[in-house]
Every structure is written in structure tokens, then in C-alpha cells.
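Structure first, then comments.
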Amino acid sequence: QTPEIFHCVADIVGDYVTLKSAGGGSMKGLCPFHEERSPSFHMRPQVGFYHCFGCGEGGDVFTFLQKMDHVSFAEAVERAATRAEAAGFDGLAVVDSPNLAGDPWVGLAPAARETEHLHLGTAVTNPVTRHPAVTAAAAVTLQVASAGRFVLGIGRGDSALAHLGR
């Protein structure tokens with residue numbers, strides 16, 4: 001059984017911002033990062049990212065928690081993981097992209113320590129930006145730290161598919 005991956009920003013952002021439908025699957029609200037009277041803060045829950053057209057702030061759920069709660073990337077992942085498990089989600093995935101987020105393994109280690117049942121893994125790992133041996137070593141370490149709750153996720157069209165079995 002594939003675990004349901006917790007990647008919806010709407011649940012956490014909704015604790016800080018009153019969100020309303022903006023049509024087309026988007027939501028909007030007043031930006032928490034600057035003063036405004038009309039909503040310029042938009043998010044697309046199905047994609048998992050937010051963006052403010054007024055001040056330019058944007059990112060994923062971990063970036064949002066970092067900025068709102070003034071915490072590190074690892075602490076943001078830990079908070080999201082604890083919340084996801086308490087809400088009954090099956091898993092939490094962190095994007096493994098140096099362009100989008102911090103090192104996912106640094107965040108997933110404390111998440112493994114603070115949760116008991118939540119499956120943990122990376123959503124996408126690019127073999128060009130992170131050597132497969134480094135990914136394998138980090139995955140084994142997380143598998144041990146989480147008592148077997150690491151999940152390897154590969155999607156259709158994922159460039160990592162070309163490296164399986166090599």
C-alpha cells in the first residue's frame with residue numbers, strides 16, 4: 001500500500017491566513033508577510049506552493065513555516081511531520097532539490113525522531129544534482145532512524161527511472 005503523502009500547504013497556511021477560493025483550484029488571502037487590504041497571497045494546494053504577487057514571497061509548506069515561525073528548515077520539517085501524523089496522514093515527502101529547499105535528509109532525520117507511524121521520504125531526487133550513492137546512504141540512514149518507515153517514491157517520467165537496476 002502506497003502511503004498518502006502529506007504535501008498540502010492549505011492545512012498549515014490556513015492556520016495563519018484566512019483562505020478563500022480563487023477559482024481554478026487556487027486559494028487566496030491577505031499576505032501574512034506584508035500589510036495589504038486586498039488579497040495578493042495565492043496558493044495552489046494541489047501543487048503545494050504559495051506565492052504573494054504583492055511582495056514576492058513564495059515557497060512550499062516548509063518555507064512558509066520557516067518564515068512565519070522563524071525556525072530552521074529542519075525544525076519546519078519536524079513541525080510539519082508532527083502535525084501530519086497528528087492529523088492522521090500516512091506520510092510526508094520533502095522535495096530533494098537544492099534550488100527549492102534545504103537538504104531533505106537534514107529535515108527528515110528529526111521528523112523520524114519525533115513521529116512514530118509517519119512514512120518519510122523524498123518526493124523527487126535528481127541524480128544529476130545529488131549522486132545516487134549519496135542518496136542511497138542517506139536513505140539507509142533514514143530507514144534505520146525511522147525504524148523502517150522510509151519510503152522511496154518514484155513517479156512516471158522521473159529521471160531517476162533511467163538509473164534503476166544499474
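On a predicted model such as this, the values are computed, not experimentally measured, just so you know.
Hydrophobic clustering (ILVMFWY, side-chain heavy atoms < 4.5 Å, transitive): Ile12 and Val71 are in distinct clusters. There is no path of hydrophobic side-chain contacts, each under 4.5 Å, that joins Met27 to Leu30. One hydrophobic cluster, built from ILVMFWY side chains closer than 4.5 Å, cannot hold both Phe62 and Val106; they sit in different ones.
A search for salt bridge (Lys or Arg N to Asp or Glu O under 4.0 Å) contacts involving Glu85 returns nothing, not counting sequence neighbours. Not counting sequence neighbours, the partners of Ala138 by the side-chain contact (heavy atoms from CB on, under 4.5 Å) test are Trp105. The side-chain contact (heavy atoms from CB on, under 4.5 Å) search around Val134 returns Arg130, His131, not counting sequence neighbours. Among residues two or more places apart in sequence or in another chain, the side-chain hydrogen bond (donor to acceptor under 3.5 Å, both in side chains) test is passed with Gln143 by none.
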Identify each donor-acceptor pair in which a side-chain atom of residues 17-24 lies under 3.5 Å from a protein atom, sequence neighbours left out, and give them as a table.
{"from": "Ser21", "atom 1": "OG", "to": "Gly23", "atom 2": "N", "distance (Å)": "3.4"}

Residues 107-117 side chain polar contacts: donor-acceptor under 3.5 Å, at least two apart:
{"from": "Thr115", "atom 1": "OG1", "to": "Ala111", "atom 2": "O", "distance (Å)": "2.7"}
{"from": "Thr115", "atom 1": "OG1", "to": "Arg149", "atom 2": "NH1", "distance (Å)": "2.9"}

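Of all the heavy atoms in Val94 and Leu92, the pair that sits closest is CG2-CD2, 3.7 Å. Across all their heavy atoms, Leu118 and Ala81 have their closest contact at CD2-O, 3.4 Å. Between Gly121 and Phe150, the shortest heavy-atom contact is CA-CE1, 3.9 Å. Scanning all heavy atoms of the two residues, the minimum distance from Lys67 to Gly58 falls at NZ-O, 4.0 Å. The two residues Ser26 and Arg44 make their nearest non-hydrogen contact at OG-CG, 3.3 Å.
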How far apart are the C-alpha atoms of Phe64 and Phe33, what are their side-chain angles, what is the distance that settles it, and do they pass the side chain to side chain contact (heavy atoms under 4.5 Å, CB included) test? CA-CA 10 Å; Phe64 186 83; Phe33 303 113; 3.9 Å; yes
Side chain to side chain contact (heavy atoms under 4.5 Å, CB included) assessment of Tyr16 paired with Leu65: CA-CA 10 Å; Tyr16 299 86; Leu65 286 172; 3.9 Å; yes
Dump the intermediate steps for side chain to side chain contact (heavy atoms under 4.5 Å, CB included) on Phe49 and Asp60, then the final yes or no. CA-CA 5 Å; Phe49 286 92; Asp60 61 12; 3.8 Å; yes
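Put simply, CE on Met68 and CD on Glu57 are 10.5 Å apart, with the number rounded to the nearest 0.5 Å. Interatomic distance, CD of Glu35 versus SG of Cys55, reported as 11.5 Å (0.5 Å rounding).
Here the side chains of Tyr50 and His42 are not in contact, with every heavy-atom distance at 4.5 Å or above. Looking at His34 and Ser40, their side chains come closer than 4.5 Å, going by heavy atoms from C-beta outward. When side chains are defined from C-beta on, Leu120 counts as touching Leu142, because their heavy atoms get closer than 4.5 Å.
The distance between the ring centers of His51 and Phe53 falls below 6.0 angstrom.
Put simply, the side chain of Gln66 never gets that close to the backbone of Ala76: no donor and acceptor are under 3.5 Å apart. Here the side chain of His119 pairs no donor or acceptor atom with the backbone of Val151 at under 3.5 angstrom.
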